[in-house]
Number of protein chains: 2
Amino acid sequence: MSVAIKIALNEGLYIKDPQDSELGRNIIEHSIDLIDELGIEAFTFKKLSIRINSTEASIYRYFLNKHLLLLYLVNWYWEWVQYLIQINSRNVTDSKERLKIIIRSIVSASRENPMVGYVNESKLQKIVISDGMKVYHTKDVDDENSKGFFRSYKNLALTISQVISDVNPNFKYPYALATNLFEMANNHLFFAHHLPKLTDISIQANVYDEMIEMLEYYVDKLLTE
Amino acid sequence: MSVAIKIALNEGLYIKDPQDSELGRNIIEHSIDLIDELGIEAFTFKKLSIRINSTEASIYRYFLNKHLLLLYLVNWYWEWVQYLIQINSRNVTDSKERLKIIIRSIVSASRENPMVGYVNESKLQKIVISDGMKVYHTKDVDDENSKGFFRSYKNLALTISQVISDVNPNFKYPYALATNLFEMANNHLFFAHHLPKLTDISIQANVYDEMIEMLEYYVDKLLTE
DNA sequence: TTTAAAATAATAGTATTACTATCTATTTTA
DNA sequence: TAAAATAGATAGTAATACTATTATTTTAAA
């Protein structure tokens with residue numbers, strides 16, 4: 001008997017829980033591969049069905065459309081980062097130290113041990129970096145927000161903002177800094193690879209270490225009075 | 001005889017310069033309206049052609065596809081912000097003051113006097129906030145970057161980074177801060193309206209003033225030694 | 001072990017999208 | 001006043017984003 005770890009995600013994200021069946025887990029595993037290869041624009045359920053030797057109709061029984069599938073994957077990532085923060089800062093009481101752990105978790109989530117076999121966290125991070133923000137930059141944000149589809153991100157922002165406020169209770173923008181740390185990490189990893197003139201991070205050295213250094217510098221400067 | 005102001009944009013962005021004809025200017029004007037109404041996903045050349053009483057084929061003579069049209073519009077915005085910074089900081093020598101003007105230009109570009117009649121800068125800013133980052137988050141970034149399609153953004157980042165370095169020559173991340181200011185302004189205006197839990201900016205008060213205050217606080221904290 | 005229910009596969013079909021091609025009418029310019 | 005450029009009208013294609021139906025296989029319960 002294998003111990004099945006299940007990530008709790010908003011039930012509105014899927015039609016049938018993909019974690020509960022072979023086909024469902026196959027959809028997750030190979031959609032990550034395929035979106036990573038093609039980008040979300042060129043990715044289709046048809047192509048995925050061919051890849052996994054199934055049919056379009058079968059995939060539609062799990063997800064309403066590719067936008068919801070992407071949203072499911074991004075939510076998974078948000079939960080994964082939240083989880084990493086929790087286990088990595090388990091025994092840490094100093095809030096400054098906790099913030100450093102948060103930064104490390106945000107930047108190199110992909111280098112941590114995987115949680116479940118069928119999710120390649122490294123590719124998932126690449127997807128989040130490239131296409132993550134597309135899940136809320138739509139005309140349906142308000143509707144989807146009211147259904148709780150962004151709750152994992154909000155929870156993550158809340159967690160981070162609380163540590164920020166612990167470090168400096170007078171800091172006026174804990175939520176903005178929380179999301180900014182997350183978005184900056186993703187954005188500048190992308191810029192470093194594709195639009196280097198838009199960042200100071202270089203891929204010559206270790207991108208992750210540079211990113212961590214920059215974000216640590218940022219929070220230190222912003223939170224020290 | 002009317003004085004036609006012409007914005008210089010990379011020639012690879014269009015097939016035929018839309019600024020040079022009535023139909024071209026119509027495409028610009030009404031694509032801004034329609035993308036603002038529908039979002040870039042639901043926007044099609046077919047719908048635009050109906051709106052302007054023309055045909056799909058005619059629009060295709062100006063732009064290769066809707067992605068290139070969006071890229072054209074976003075480039076216009078980047079040029080427009082650059083232009084605003086230039087004219088608003090004309091006679092300003094103090095670099096701290098210049099940086100404040102930059103922040104104001106980034107945040108409330110839409111409230112400035114329009115440059116040309118057929119471009120609604122206010123709607124254009126809304127498009128950039130909602131869909132702007134989609135122009136480079138594609139599988140074609142590297143190819144399009146090599147064609148110079150993001151040069152206006154890089155120029156803008158350069159301009160801002162130079163002022164940042166003037167304020168504090170020891171600051172290690174002038175480019176990252178430059179793009180971050182721009183992205184933060186857009187992101188948090190979006191969050192304030194749609195995902196308020198992800199920001200500290202509220203639409204209760206004057207969003208623009210709050211944004212300016214936050215960004216000024218950020219640069220002051222980061223650049224003061 | 002049988003049988004019913006549930007899940008999946010196979011197949012087909014539709015409306016829309018994202019184009020390309022061609023031909024004609026009109027306007028501009030040389 | 002003819003050539004060239006521009007725009008409009010129309011048609012057509014392959015792919016996308018689905019929905020629907022029926023057949024087959026798997027699983028779980030009686």
Side-chain angles (χ1 to χ4, degrees), chain A residues 1-2 4 11 13-31 34-35 37-73 118 131 134-135 138-140 144, chain B residues 1-2 4 11 13-31 34-35 37-73 118 131 134-135 138-140 144:
Chain A
M1 186 188 135
S2 72
E11 293 186 6
L13 292 168
Y14 48 81
I15 293 164
K16 190 169 147 16
D17 194 334
Q19 292 180 88
D20 288 346
S21 73
E22 190 67 33
L23 178 61
R25 290 184 291 268
N26 251 300
I27 290 171
I28 301 305
E29 179 174 359
H30 292 95
S31 66
L34 211 50
I35 294 171
E37 285 170 36
L38 307 174
I40 193 68
E41 276 74 30
F43 168 85
T44 66
F45 280 5
K46 184 98 246 257
K47 289 172 186 167
L48 176 60
S49 72
I50 292 165
R51 172 75 61 106
I52 63 176
N53 288 305
S54 182
T55 61
E56 252 185 302
S58 298
I59 298 167
Y60 274 106
R61 259 182 240 111
Y62 284 84
F63 293 101
L64 197 63
N65 52 50
K66 76 168 170 181
H67 173 251
L68 269 296
L69 169 56
L70 178 65
L71 192 46
Y72 180 93
L73 296 176
Y118 56 96
D131 301 311
K134 292 174 191 168
V135 303
T138 69
K139 280 282 162 189
D140 300 325
E144 293 184 346
Chain B
M1 185 189 135
S2 71
E11 293 185 5
L13 293 169
Y14 48 80
I15 293 164
K16 191 170 146 15
D17 194 334
Q19 292 181 86
D20 288 347
S21 73
E22 189 66 31
L23 178 61
R25 290 184 292 267
N26 251 299
I27 290 171
I28 301 304
E29 179 173 357
H30 291 96
S31 65
L34 211 51
I35 294 171
E37 285 170 34
L38 307 174
I40 192 67
E41 276 75 30
F43 169 86
T44 67
F45 280 6
K46 184 97 248 254
K47 289 171 186 168
L48 176 60
S49 72
I50 292 165
R51 172 75 61 107
I52 64 177
N53 288 307
S54 182
T55 61
E56 252 183 301
S58 297
I59 297 167
Y60 273 105
R61 268 186 223 109
Y62 283 83
F63 293 100
L64 198 61
N65 53 49
K66 77 169 170 180
H67 173 250
L68 268 296
L69 169 55
L70 178 64
L71 192 46
Y72 180 93
L73 295 177
Y118 55 98
D131 302 311
K134 292 173 192 169
V135 302
T138 69
K139 280 282 163 188
D140 300 324
E144 293 184 347

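Every chain is numbered from 1 and lettered A, B, ... according to where its sequence line falls, protein lines coming before strand lines.
- Going from atom CD1 of A:I27 over to atom P of C:dA9 covers 9 Å, rounded to whole Å.
- In this entry the distance linking CG of A:N26 with P of C:dA7 reads 17 Å, nearest Å.
- Under the Watson-Crick and G-U wobble criteria, each requiring two contacts below 3.5 Å, nucleotide C:dA30 is paired to D:dT1.
- As a whole-Å value, the separation of B:I52 CD1 from D:dT6 C1' is 14 Å.
- Proximity of A:K47 to the phosphate of D:dA15: no side-chain N or O atom is located under 4.0 Å from OP1 or OP2.
- B:K16 comes within 4.0 angstrom of sugar-phosphate atoms only, judged by non-hydrogen atoms across all strands, and of no base.
- Comparing atom distances between the B:S54 side chain and each of C:dA9, D:dT16, D:dG8 picks out D:dG8 as nearest.
- In terms of heavy atoms, A:R25 sits closest to A:D20 at NH1-C, 3.8 Å.
- Of the residues in residues 58-67 of chain B, those placing a heavy atom less than 4.0 Å from an atom of DNA chain C are B:Y60, B:L64, B:N65, B:K66, in numerical order.
- Taking atom CG of residue B:L23 and atom P of nucleotide C:dT26, one finds them 17 Å apart after rounding to whole Å.
- Side-chain atoms of B:S21 and B:Y62 include a donor-acceptor pair closer than 3.5 Å.
- In this structure, the CD atom of B:E41 is 15 Å from the C1' atom of C:dA18, given to the nearest Å.
- In this entry the distance linking CG of A:D20 with P of C:dA6 reads 15 Å, nearest Å.
- Between the CD1 atom in A:I35 and the NE2 atom in A:H30 there is a gap of 13.0 Å [rounded to 0.5 Å].
- Between B:S49 and B:T55, the shortest heavy-atom contact is CB-C, 3.4 Å.
- Checking A:F45, A:Y72, A:Y14 one by one against A:F63, the ring-ring contact (aromatic ring centres under 6.0 Å, His included) holds for a single residue, A:Y72.
- A donor-acceptor pair under 3.5 Å is absent between the side-chain atoms of B:D131 and the main chain of B:K134, judged by distance alone.
- Between A:L48 atom CG and D:dA17 atom C1' the separation is 14 Å, expressed in whole Å.
- Of the two residues contacting DNA chain D, namely A:A57 and A:K46, the nearest-nucleotide position lying further toward the 5' end is that of A:K46.
- In this entry the distance linking CD of B:E22 with C1' of C:dT27 reads 13 Å, nearest Å.
- Nearest heavy atom pair, residue B:K66 against residue B:E41, reads NZ-O, 3.0 Å.
- For A:S21, the side-chain atoms get nearest to C:dT8 when compared with the rest of C:dT8, C:dT11, D:dA9.
- Counting only heavy atoms from C-beta on, B:E56 has its side chain closest to C:dC19 among D:dT10, C:dC19, D:dA20.
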